[in-house]
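As structure tokens, the structure follows; a few thoughts come after it.
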Amino acid sequence: MICSPPKSHDCIVLSNKRLSENSIYLTRLHCPDIAQNSSSGQFVNIKVSNELSPLLRRPFSICKVDKAEGWFEVLWQIVGRGTTLMAGYKVDDVINIIGPLGHGFHIKSGIESAILVGGGLGIAPLPFLCQDILEKSSANIAVYVGVRTKADLAMAELFNDFDINIIQCTEDGSAGIQGYVTKPLIEKLASKSSVPPVLFSCGPEVFLKRMVDISSEFDVEGQISVESVMGCGFGICVGCPVEVQDYAEGERKYKLTCIDGPVFDSREVLLVG
Amino acid sequence: MICSPPKSHDCIVLSNKRLSENSIYLTRLHCPDIAQNSSSGQFVNIKVSNELSPLLRRPFSICKVDKAEGWFEVLWQIVGRGTTLMAGYKVDDVINIIGPLGHGFHIKSGIESAILVGGGLGIAPLPFLCQDILEKSSANIAVYVGVRTKADLAMAELFNDFDINIIQCTEDGSAGIQGYVTKPLIEKLASKSSVPPVLFSCGPEVFLKRMVDISSEFDVEGQISVESVMGCGFGICVGCPVEVQDYAEGERKYKLTCIDGPVFDSREVLLVG
Amino acid sequence: MADLSVSIGKLKLKNPVLVASGTFGYGQESRALTDLNALGGIVTKSVTLKRRDGNPPPRIFELPAGMLNSIGLANVGVDTFISEKLPFLSELSTAIIANVAGSTPEEYLQVIEKLDEHDSISAYELNFSCPNVKQGGLAFSQDPKVTQQVTRMLRDITEKPLIAKLTPNITRVSEIAQAAKDGGADAVSLINTLVGMAVNTQTRKPQVHTVTAGYSGPAVKPVALAKVFEVVQNVDIPVVGIGGIMNLNDALEFFITGACAVQVGTANFIDPSTGEKMVGGLNDYCNGNGIDAISEIVGSLKL
Amino acid sequence: MADLSVSIGKLKLKNPVLVASGTFGYGQESRALTDLNALGGIVTKSVTLKRRDGNPPPRIFELPAGMLNSIGLANVGVDTFISEKLPFLSELSTAIIANVAGSTPEEYLQVIEKLDEHDSISAYELNFSCPNVKQGGLAFSQDPKVTQQVTRMLRDITEKPLIAKLTPNITRVSEIAQAAKDGGADAVSLINTLVGMAVNTQTRKPQVHTVTAGYSGPAVKPVALAKVFEVVQNVDIPVVGIGGIMNLNDALEFFITGACAVQVGTANFIDPSTGEKMVGGLNDYCNGNGIDAISEIVGSLKL
Ligand SMILES: Cc1cc2nc3c(=O)[nH]c(=O)nc-3n(C[C@H](O)[C@H](O)[C@H](O)COP(=O)(O)OP(=O)(O)OC[C@H]3O[C@@H](n4cnc5c(N)ncnc54)[C@H](O)[C@@H]3O)c2cc1C
Ligand SMILES: Cc1cc2nc3c(=O)[nH]c(=O)nc-3n(C[C@H](O)[C@H](O)[C@H](O)COP(=O)(O)OP(=O)(O)OC[C@H]3O[C@@H](n4cnc5c(N)ncnc54)[C@H](O)[C@@H]3O)c2cc1C
Ligand SMILES: Cc1cc2nc3c(=O)[nH]c(=O)nc-3n(C[C@H](O)[C@H](O)[C@H](O)COP(=O)(O)O)c2cc1C
Ligand SMILES: Cc1cc2nc3c(=O)[nH]c(=O)nc-3n(C[C@H](O)[C@H](O)[C@H](O)COP(=O)(O)O)c2cc1C
Ligand code: FES
Ligand code: FES
């Protein structure tokens, strides 16, 4: 759902918490406009430095919003230079952010059952998605969280506010169910319930590919949030194509992750992972 | 005086004090090798960042040393990106430094009278020069300190340890004698004393040019410490030429600030300032 | 109030700060991020005869103080440009310069024939220099004869000002600038991107799909300035400076070197209001330094 | 233990990490800063027939991720090189490659005639590409015919390996590489510096005295990789990669692209032990990845 056109905001850091020893952080930023005018699955593009290197902004999903208090949160992990700088953000720092950006999740009115699946940091947009679904429906929600190891499960605590089912998996078996998150998910889908769920997922490309297969296998609607290298985040660089297989529009072979996505119908996108 | 060939050192920050509101800093670094094997007028080349920008090291005169405790100090001012980073140095930070570098001041044994003249941050190498002269002789020392305004006179306190004459001037007259430091200096030189002094000076190029004129006018020996943009600091980039007028060596037109200097005989160098 | 206006042949610009082709979409994407009318002009994404999908991903890779791109001229094609993009641009009170590209001289001709009746287009920038397409593009501006012929052919069919956009990937860019002038171009703009490359040492694959790609951003500014200098010194033609311009000081370097206008490229991805801010800054700079007209700065390099 | 040795024609290097001409003086300046014998080779500052004073200051200007220089081939001249610099270099157990420059083909010839009897010199690198001198240099490597003729002339008077150092300031560097090969060169090295420029907007003067100057450092690496790629793909001659190499990862990018050896330049100014560390890192990298010989990496780019 696109809302207003993207604007540039100087956001104040309200908190910057390290959630786990694996250097996962949750950053809360004051910005009423983004808090009030974004929908789940959208993202923001953060100016991480005022130097010429790192040069480009860094995109992050909106993880949670509080419209009343006028803040939103991003959940992220240190992986490189930009995120290393972000780890240094202190309360009251002013950060330039463009957002909200992109097309988020599409929540059908009257949705009855939603399954949210997050692989690793792909969990990031799902708390906001919970908020959105619960606001718009009385759907039954289950969240499947798949991470590498116990420490990463600190992210699952973001769902504690919601009265929903949380299934936790770790690859190394250090907590929750051992193995990939797709295992319990498939079991659940196989034990057919009366209401077909909508499958919302976000995570690494290989994981999303698996989710696309699962959606088609069980013939349920799937929405996936994909990632891409981004030059701008709002459609001016044309640097973030995803291949699409639905040639409804004629010759079109690519859509842009940043403005046509990042959320796509799982039948539409051709993933390479 | 060249001592040992330059080495690379990981130096520990012992203190990093802001001396004045004009953002002049004094940084003390632990490095027995530099403390013990350098002579006054030499400099160090500091790796200010681990990023690709600022790329090159930044050169600073050695301001003071303590051979016994194994530290040296640099006195500097925030003027750009490198020095802005240096302002962030904290106690126990480890900084990579190459030094000691260059040819320092030449102190004749039996020197009887020395006049040290510092223009602005050109004061930096003079406390070490005081130390050196007093160690090697019983010369009578006078220090002329010329700065823009009162706050900068915080630098003059570096001479408090020595039993010497300090003449302070500010351009704006906010403290000490009003005007350029060359005024009281010329008066002093005009009132000829029996012993001809050696004039040691360091400061901006226009100031040094004036000092060269003064040395020749009063026919006294002058040593000046010049600055240049530096690529390396130890003779491998050939990027720091100063024009010399003494063609004793035949066709030679340039010497290198970093290895032939930074201290030169005031009659030798052709300044452009 | 300083006079920031600039004339390039028949093209009048209210100020010398434009946004570069391919780095500002079709204007509307940034409408809430900057005041489009503050700009001296908007150069559109390259328009080709047919819609182009562009190259497969990855298309972009970040570098220290720069980036690689191999978009491959992805664009909606001239017909859709006219029907869907031009109406928005036409409403703006800033010069609209259509950047035209093609694989053959005829393609340039056909695109311009379609665009020429639209009064909202103030001028054409001829993209003779895209390094990211197999055919055409780069080849056109690496051969003076071809540059002159194609320019001449287009000169003959349109009254609108022509700006030839040149590649820096060449031994002597001034020869091409001279050829463009001889072919009837009103101005040249430079630089387009440098050819660059980066390798992922883990996967041993190139970082962008096309292996080599276009290098832009602050890191190319020194090259851009040297190329502008070469043309200014050797050819009597107005020069629009492009390459790594991030702020007013960067723009001033180009003006002083002799560029009569500048284009902001990669900087838009980080802040699409870079141009707007630059216009404000330029105004303050002129007023603060007793400069009445931008022409007093242009070419004021002390040699 | 991985085998890091490399053969370039008759030139045997114990490892593929050299230091670049003009960025390491004559070796002795850095003797206390790094283990010179750890290097695969040292390329000397360009040697000319007569001593050269070089250009007036300022000669150097720092840029984001790079620098400009216009040293102007300042060097002691071949006779002083032999009497004062070579003795120190001769004692080292690393390959000494004399970089030779001149304003005329005859000057190259005379320099090599003087150097050729000295066994401690393993090879010559022919600087066909210095952008900072008025005559010669750049011109030589911008014209294939001249490149071939000069190389041939030098090939005829020496048995030692010849490496032609090429400029990136050219439309197609592979044509020059082919010409060097046809003239009898054993290898080519690239890139020399890009032509760049910067302006002091306060004084309106160029930041280096010669106006344009040589651009080097991390910012030129993408260009260097693209040029190496072009030569590797089009010419059958060993390539030594140069340009913005700061660490092992940078060097690996060049090896994977097809360079059989690399030279570290600007990085030496910041840390003259960069090459030594790179050799150590390369050794660990090979051992850690089951690579027995450096040749397994060279040209392993997945296209
Ligand atoms: C729409 C979108 C939403 C995202 N949401 C989140 C989120 O909520 N939480 C989170 O932790 N991460 C998220 N990411 C990924 C995040 O943008 C990258 O982790 C971040 O940009 C890395 O920056 P860096 O400077 O630390 O890493 P770099 O030093 O730039 O690179 C480190 C690694 O990160 C990858 N990377 C770098 N830049 C990007 C980019 N622009 N897009 C994708 N990958 C990149 C590189 O391939 C590399 O492997 C999202 C990406 C996109 C496109
Ligand atoms: C031998 C020598 C000794 C020095 N000793 C001192 C000292 O004791 N205390 C002190 O405060 N300063 C000293 N300087 C000057 C000091 O090196 C510069 O102030 C510093 O490099 C500026 O770095 P920056 O990144 O903050 O500034 P930048 O952002 O690089 O530039 C800001 C300004 O500083 C000038 N500058 C930058 N780099 C150099 C350089 N390498 N050499 C000279 N000027 C430069 C520039 O021209 C510019 O005007 C010395 C310089 C030399 C050559
Ligand atoms: C992502 C991207 C896409 C571009 N697309 C075009 C294009 O379609 N046509 C064109 O003439 N130039 C194109 N360019 C080149 C720019 O207009 C400009 O010449 C170049 O990027 C140098 O300027 P900069 O360093 O300010 O970006 C593109 C540049 C980038 C970075
Ligand atoms: C200060 C300086 C001086 C140089 N002098 C020479 C030289 O005398 N001869 C030469 O062939 N190359 C010279 N070069 C070019 C380097 O050898 C190298 O080709 C270039 O700098 C690119 O590598 P880099 O980016 O690693 O520095 C010089 C480079 C610099 C920065
Ligand atoms: S990131 Fe620039 S168009 Fe999508
Ligand atoms: S600074 Fe490099 S030679 Fe002097």
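Per chain, numbering begins at 1; letters A, B, ... match sequence-line order. The structure displayed is predicted, hence computed values, not measured ones.
- If you tally non-hydrogen atom pairs under 4.5 Å between each of D:L68, D:L225, D:L252, D:V220 and chain C, the highest count goes to D:L225.
- Contact annotation for C:I256: only side-chain heavy atoms (C-beta onward) come within less than 4.5 Å of a heavy atom of chain D.
- When heavy atoms are compared at a cutoff of 4.5 Å, C:V211 approaches chain D solely by way of its side chain, counted from C-beta outward.
- For the options D:A226, D:P206, D:P222, D:G244, heavy-atom pairs under 4.5 Å to chain C are most numerous at D:P222.
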Which donor-acceptor pairs lie under 3.5 Å between chain C and chain D?
| from | atom 1 | to | atom 2 | distance (Å) |
| --- | --- | --- | --- | --- |
| C:T171 | N | D:T171 | OG1 | 3.0 |
| C:T171 | OG1 | D:T171 | N | 3.0 |
| C:T171 | OG1 | D:T171 | OG1 | 3.3 |
| C:M197 | N | D:P222 | O | 2.9 |
| C:V199 | N | D:E253 | OE1 | 2.7 |
| C:T201 | OG1 | D:N249 | OD1 | 2.5 |
| C:R204 | O | D:K302 | N | 2.8 |
| C:R204 | NH1 | D:S300 | OG | 3.2 |
| C:Y215 | OH | D:A219 | O | 2.6 |
| C:A219 | O | D:Y215 | OH | 2.6 |
| C:P222 | O | D:M197 | N | 2.9 |
| C:N249 | OD1 | D:T201 | OG1 | 2.5 |
| C:E253 | OE1 | D:V199 | N | 2.7 |
| C:S300 | OG | D:R204 | NH1 | 3.2 |
| C:K302 | N | D:R204 | O | 2.8 |

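- Contacts of C:L63 with chain D are made by side-chain atoms alone, with heavy-atom separations under 4.5 Å and no backbone atom involved.
- For chain C, the nearby parts of D:A198 are the backbone and the side chain; heavy atoms of each come within less than 4.5 Å.
- For the set C:I297, C:I170, C:L303, the entry with the most heavy-atom pairs within less than 4.5 Å of chain D is C:I170.
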